[in-house]
Trainee: 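Take this structure first; my questions come after.
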Amino acid sequence: MRITVFITLICLQLSAAGISQTITLSEKNASLEAVFKKIEKQSGYFFFYSTDHLKDAKKITISLISGSLTEALNKCLEDQPLTYVIIEKNIFIKRKELEPTNAHRSDANITGKITNEKGEPLIATIMVKGSTNSTTSNENGEFSLNNVDADATLVITSISFEMKELKLNGQTEIIVKLKISETKMDTVSVVYNTGFQNIPKERATGSFAFLDEKLINRRVSPNFIDRLEGVVSGLVFNRNLPNTTRPFDISIRGRSTIFANDQVLIIVDNFPYDGDLNTINPNDIESITVLKDAAAASIWGAKSGNGVIVITTKKGKYQQPLKVTFNSNITVGDKPDLFYKSTTNSADVVDLQTFLFNKTYYNSTSLSNLPPVAEVLFKLKSGLISQETADTQLDSYRTHDSRNDLEKYFYRKSVNQQHQLSLNGGGINNKYYFSVGFDKVLPSLVKNSNNRITINATNTYSLIQNKLEVTTGLSFSNTKYVGNNPGSLGTPFPYQRIADENGNPLVIGNGYRIGYIDTLGGGRLLDWHYRPLQELESANIKSLSNDYRLNFGLQYLILKGLNISGSYQYSNGDYKYENIHSQETYYTRNLINRFSQLNYATGQVTRPIPVGSIKDLSSNTYQSHNLRAQINFNHDWNKHNIATIAGIDFKDNVTNAQTQTIYGLNEETLSNATINYTTSFPIITGGTGQIPYNDGESRAVDHYISYYGNLAYTYDNRLVVSLSGRKDQSNIFGVNTNQKGVPLYSLGTAWNISKEKFYNINWLSELKFRVTGGYSGNVDKSVSALTTFQPQAGTPTNTYGTPYTIIVNPPNPELRWEKISILNVALDFSTNLKIVSGSIEYYRKTGKDLIGFSPLDPTTGLLTFKGNNADMEGQGIDLTVNTKNINRLFKWSSVILMSYSMDKITNYKAKQTTVGSYVGSGTTTNPIEGRPFYSILSYRWMGLDSLGNPQGYITGKATTSYSLITSSTNLDEIVYNGPSRPIYFGSLRNTFAWKQLECSINIIYKGGHFFRKTALNYYDLFTAGISTADYKNRWQRASDEGRTNVPSVIYPLGNSVRDNFYANAEIMVEKADHIRIQDIQFSYSFDKLLQKSKLIRSTSLYAYVNNVGILWKANKDNIDPDYVTGIPNPKTYALGLKLSL
Amino acid sequence: MKSSALVQILVVLLIGTNLSCTKKFLDAKPSSKLIVPNSIEDFQSLLEGDQIMTETPSLGELSSDNYFLAYDIWQIYSTTQRNAYIWNKEIFEGQPSTDWNNLYKQIFFCNIVLEGLERFPVTPENETKWKNCKGMALFIRAYAFYNLAQIFAPVFDVSSANSDLGIPLRLTSDFSAKTERATVQETYDRVIEDLNSCKALCDAAVPTNNMNVTSSPAALALLSRVYLSMREYNKAKLAADTCLTIYNRLIDYNQVSLTANSPFPRNSVEVLYRSSIRDGILNVATGALHTEIDSVLYNSYDSNDLRKSIFFTKSPTRTGKIIMKGNYYSGIFAFTGLAMDEVYLNRAECLARLDRLPEALNDLNALLIKRWKNGTFVPYASGTYGDVLQLVLRERRKELIHRGIRWSDLRRLNKEGAGINLKRSLNGQIFTLLANDLRYVLPIPDEVIALTGIPQNIR
């Protein structure tokens, strides 16, 4: 880090500058120096002069409105003994040379004219290369230069035009046509970064989405992934996931694999990112390019099947004076709405438990925890308390809801702070970017926090006459996460209190009955009570992560248009999780007590797990080397352009994982106990058990070698043909398979119809047709071409203590990459003045050779086979429309994104034996041919019978034989409801601007999908006292079956098959279509007000409201379809300031 | 021309990487948890998984007459278990067969090992390991083939063995190879050939700790069991002879606890190779509480016969019922491995059938003296041919109870004309299995028939 600061300090070259293209000056008796500073600020050009020269200069009075730079300079230097030369963005001031100081050999006087491509005159600077001799053309484009060597080269520059070099070869009269500089034609020109090369939008054939800095920064959040939501067409955030360990889950254009990796490949600064994405500070991101089709993504080969997101971080700019930017914001969030979930109310639970008590459901000799209602009733029954006391107690239960306690003691308003300071700029031969970011998150869970520090530094040097460019980069991130609050109370009944009136922790039952654990050890065991509120105080759970990235790049210009580049990245990250279960935690006390052996005669306690803290540790580290060598060739001749790259990529990624548990830890001396893990000890509550042993270590190595190339040919900016290919080899599949590997490739073409001569639709000024086809790939690391063994998990040694292994991978020499063929057809359009512009794309994906299971003849020794034997397909449409609805002082523009995406399994061999394996919520799945991967299937619903029992359907009849229904093998007896992932989705973002104020509102919609409601579950209600509020609507008396679908209470309950049938019946499925206001952003720029300030370059104030709320939803149950299982993200309000100096 | 030199370097770099270092780079092991086998130890580790590799089938024992189930208890078991108990025509009813699947899994593992070992040149350093590993793989495969044949193929009959359908003999790990049924003759030929190879490859020393490791006495003991099931008494006797000359130790039951639930250590001196049935009905923990022993059989043990107390106990849950307890497995499962008592009994039976009665009685006495309370056993001196044979068979039944041997014995003894008819009663309904019934051959699992089209057994 010290090195970085040092490097950065070297780079800071102080000067001043600005950005605009025209010059407005109004000065009276100003010093020339002061006027130059103003010009610098407005033009972005730099002055170079000796102070000696300015000593002789007169004060000037000047008035110029929106003049050109040369106009301004000419006016300033009128009557001064000075003149100027502009070379690229530098203005050199020098003395007027009154007479030539030295005469040249064979010198000539050159005259000429400078024009644009249409022959219109241009004011330009003409300079003799390698000398100080220069001049400027007049308004007619004419110029003359004296004393020029006949073999000299002239360098002609003009604002907004490409620089031209011209060798005289003895000519004395020349006419020079300058070409308009491409990059200057459209200031918002979009350049896609594929991670290998930059492709101007005009020359792209593939399907890309581009997010510029402004769009990335529209949203306020600690990580960049959030910022993609609702702004990229075809990209959807998947909710209601069964597995919450993944921080996010996104799909680009639906799903294209069954069991292999289904997540997008993320590229940061040209290399796949191996670390934790949360370590990337979004404020350091310059742009994001999303690669969606084969032409865009196939260059990433075997990992590109799910789409690719390319992140480009900020770099400095050559010849830009130091720019200091400070961005700071604070976000406050509401407490989550714990009452969102429908829950059986406490009074109903108390009544039900009383009913169960009367049915002798509870056993007075039970050793496991009983509900407090039962304890009260037992006391009443045995005469320990009066009827009156019991009633008072029960009534207090009836009116209490433990969620109030949870909200009061476990939750708070979240407060997130984000601060970032960045410095960037550059000189002629060097550019730099340096940033420090600090994020402090205090989430809505009390006692939890998350702090992140990020540091980024990049330097680029241009050497050997700009032929060699050297880039160095360093990124560092440190995150500390404290997670002491689990956000739940363990297993209380819904009416239990966790604190008394004074906020003191109360005991609640947890596993064992309180009376039992109180007497079991005769007072010789450790306190065995569970107090949720105390747990919150005692917990000490934290994780720390560090992530480093070092980049080194070289680019050498061999010939004009041909360069070679080499880049290397080293990254290293470690993640440590530490949970110190102190002696005060229930976890530790419980474990020690369970293993304690009590000699009842002597009262002596033996503790195989000694008193002390128990520390769980786990760590994950990764180290990755990436090396790339690439040739780039870009050549223009006449109307042709060829842009091509070819290269080779090496990747070596090693990950290590380690887990360890330390018992009997003394946190002060750090001493710990030796533990006997092998003996089976008696458990004091019955049975025997071994002390949990979690120590272990594992390592994974990924090696890749990839060869790739891309060729694009453009004719007259009208027709583009592109071709790309890649071959991947890795250590995952074994060498033989690599050798057989077919390269993944793509072909594409784009035709700019509006540039054709015959094109005559005047109102539609731009029309471009694109079509691409090709293959991307995917990897399933769980399979291998080689026979592989693995030590049996859990029991690595046999009865005799000898290590043994099992076969995890049968030999599969036919194994290959999953291949996804993608066809993309697109039309880009724009009306005059871009009032309406956008694109429509149709795609069709076919996943071939997908890894799936197929049944095998068990005689082979294997029951199923995992290999390339499944296929699926998908298709969809992505529409993007940008409109400028009002474009006056008040501006209103809209961005409409609409996507349709549908996938279908077309070939899947393994069939489940019973329909019960197919019904569910559509979040985990057993694939069925002809259905989307994520499908919701249900038992047919035949209403309640006359006793309130739910009825299903089997062999044409209504039935309550639930086991027969669930174990049926006839798929026709269940119902397909639809996909569980949206088929239609998109957003509408309206931006309003008036003067310096801007406001944008993003509305997101999803539709065409379904979700399964949580059903009333009597098993849960009987055992835990918690289920849904539907209990109120249950069948209670004859003929209720006409009124309700909620089954009756039955006693005894029997097994859970009735609940299971009801939960998976078709009536529990609802349409998930909904529209929500995702967020609203306001910003106000103070730039106009601060125009006169010398210090501040720009300032803006912004406010942001996220998770605003649902506008419309198809279901009538007050369920947010994105949060069927969890609680919706609360509203957050952010306020921020961005300041540039 | 500096630039073209750079291009050349790059080209060399691009092409150069195709050479050997690339191969090494791509050969790296992807995960520390995965073992791409490349040593004899790796293959040996595959054979050491006793949970997988030492399981023997349950269907035969489930169908045998060592135990009975009460109707209410019978009802709680699976379709396959219930059907096997009553010798139903249908056994699997579409469900997979764990016996078939698990045994062919062992065979698959063995084939992987045998194929892998072929790639390792034998050197003086690794020769012993290599031989033992190969011998063990051959042994496990032969044992699995033999066990499958006891259930899914007819009894060996020299007159029809060349036409009777045996079991599929999978000798390759390639799962694209077609599954076909060999003849009974081919099945037994394969088992005998592999055991003879094993006998030559493995150490003669019986392991003292790791009872999964195979030795040549274990191969011989199994060979004698195989020949006996083929009713090849000369060859069975010969195998037993050779085995007994190498190893002949028996446990003295006077040294064994009469009350312990698990009276034997898992590596007792009598055991040559440890295997087990892992079926819920037949295990000692839950199953023993459910299965009751035939009272006639129980009463046939003399009160001085220590086996009566060591093998059996009174049911703690159902009064008056006798249940099994611990055996040579020393765990919750029923022992089905190879032990010396069986070898003595095999030879005794062969000698009796070959009319070498004094020698037969010698072997029997040698065993029984270790089974009776010290000083109470009176050695058998002489008897007629029929008496001695019946005596040997009776003692065989009493010694080898719940050892997975009875089903094979029933099949061959009935073939010899013993005429043993089995009978079971459930809820008043009587089920019978007459001697030599077609149902002595169980059906091949339905899914195997569906996926391979091999012929089904007629029942």
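Naming convention: chains lettered A, B, ... in sequence-line order (proteins, then strands); numbering from 1 in each chain.
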Trainee: Verify the neighbour count for atom NZ of K129(B): are there more than 12 heavy atoms of other residues, nucleotides or ligands below 6.0 Å?
Mentor: no
Trainee: Quick one: what part of N212(B) sits under 4.5 Å from any heavy atom of chain A, side chain, backbone, both or neither?
Mentor: both
Trainee: For R274(B), which atoms come within 4.5 Å of any heavy atom of chain A: side chain, backbone, both, or neither?
Mentor: side chain
Trainee: Which one of Y104(B), W100(B), F108(B) satisfies the side-chain contact (heavy atoms from CB on, under 4.5 Å) criterion with P858(A)?
Mentor: W100(B)
Trainee: On a heavy-atom basis, which atom in T799(A) and which in R266(B) lie closest, and how many Å separate them?
Mentor: O-NH2, 3.2 Å
Trainee: Please classify the contact of P168(B) with chain A as side chain, backbone, both or neither, using a heavy-atom distance under 4.5 Å.
Mentor: side chain
Trainee: Parallel, tilted or perpendicular: which fits the ring planes of F865(A) and F175(B), with parallel below 30° and perpendicular above 60°?
Mentor: tilted
Trainee: With side chains defined as the heavy atoms from C-beta onward, is the minimum distance between F25(B) and D652(A) less than 4.5 Å?
Mentor: yes
Trainee: Examine whether an atom of M211(B) lies under 4.5 Å from a heavy atom of chain A, and if so say whether it belongs to the side chain, the backbone or both; otherwise answer neither.
Mentor: both
Trainee: Working to the nearest 0.5 angstrom, can you tell me the gap between N798(A) CG and T54(B) OG1?
Mentor: 9.0 Å
Trainee: As an exercise, state the distance from OG1 of T805(A) to CD of Q44(B), rounded to the nearest 0.5 Å.
Mentor: 10.0 Å
Trainee: Nearest 0.5 Å please: distance from the CD1 atom of I806(A) over to the CD atom of Q51(B).
Mentor: 10.5 Å
Trainee: Identify which part of L46(B) has an atom lying under 4.5 Å from any heavy atom of chain A, answering side chain, backbone, both or neither.
Mentor: both
Trainee: For each of T788(A), V808(A), I807(A), tally heavy-atom pairs with chain B at distances under 4.5 Å, and name the one with the top tally.
Mentor: I807(A)
Trainee: Taking atom CD of E48(B) and atom OG1 of T802(A), what is their separation to the nearest 0.5 Å?
Mentor: 5.0 Å
Trainee: Can you establish whether the number of heavy atoms outside K105(B) located under 6.0 Å from its atom NZ is more than 12?
Mentor: no
Trainee: For the candidates N101(B), I167(B), N210(B), which exhibits the highest count of non-hydrogen atom pairs separated by less than 4.5 Å from chain A?
Mentor: N210(B)
Trainee: Using non-hydrogen atoms and a 4.5 Å limit, figure out which bit of L856(A) sits close to chain B: side chain, backbone, both or neither.
Mentor: both
Trainee: Take a 6.0 Å sphere around CG of D174(B) and say whether it holds more than 12 heavy atoms from other residues, nucleotides or ligands.
Mentor: yes
Trainee: Of the non-hydrogen atoms in D42(B) and F789(A), which two are nearest, and what is the gap between them?
Mentor: O-CE1, 3.4 Å
Trainee: Please state whether the side chain, the backbone, both or neither of L863(A) comes within less than 4.5 Å of a heavy atom of chain B.
Mentor: side chain
Trainee: Does D857(A) form a side chain to side chain donor-acceptor pair (under 3.5 Å) with T452(B)? I'd like the steps, not just the answer.
Mentor: CA-CA 7 Å; D857(A) 162 22; T452(B) 63; 5.1 Å; no
Trainee: Between V701(A), T859(A), D702(A), which has the largest tally of heavy atom pairs under 4.5 Å with chain B?
Mentor: T859(A)
Trainee: Looking at I107(B), I112(B), I52(B), which has the largest count of heavy-atom pairs under 4.5 Å with chain A?
Mentor: I112(B)
Trainee: S173(B), P445(B), G49(B), A450(B): which one forms the most heavy-atom pairs within less than 4.5 Å of chain A?
Mentor: G49(B)
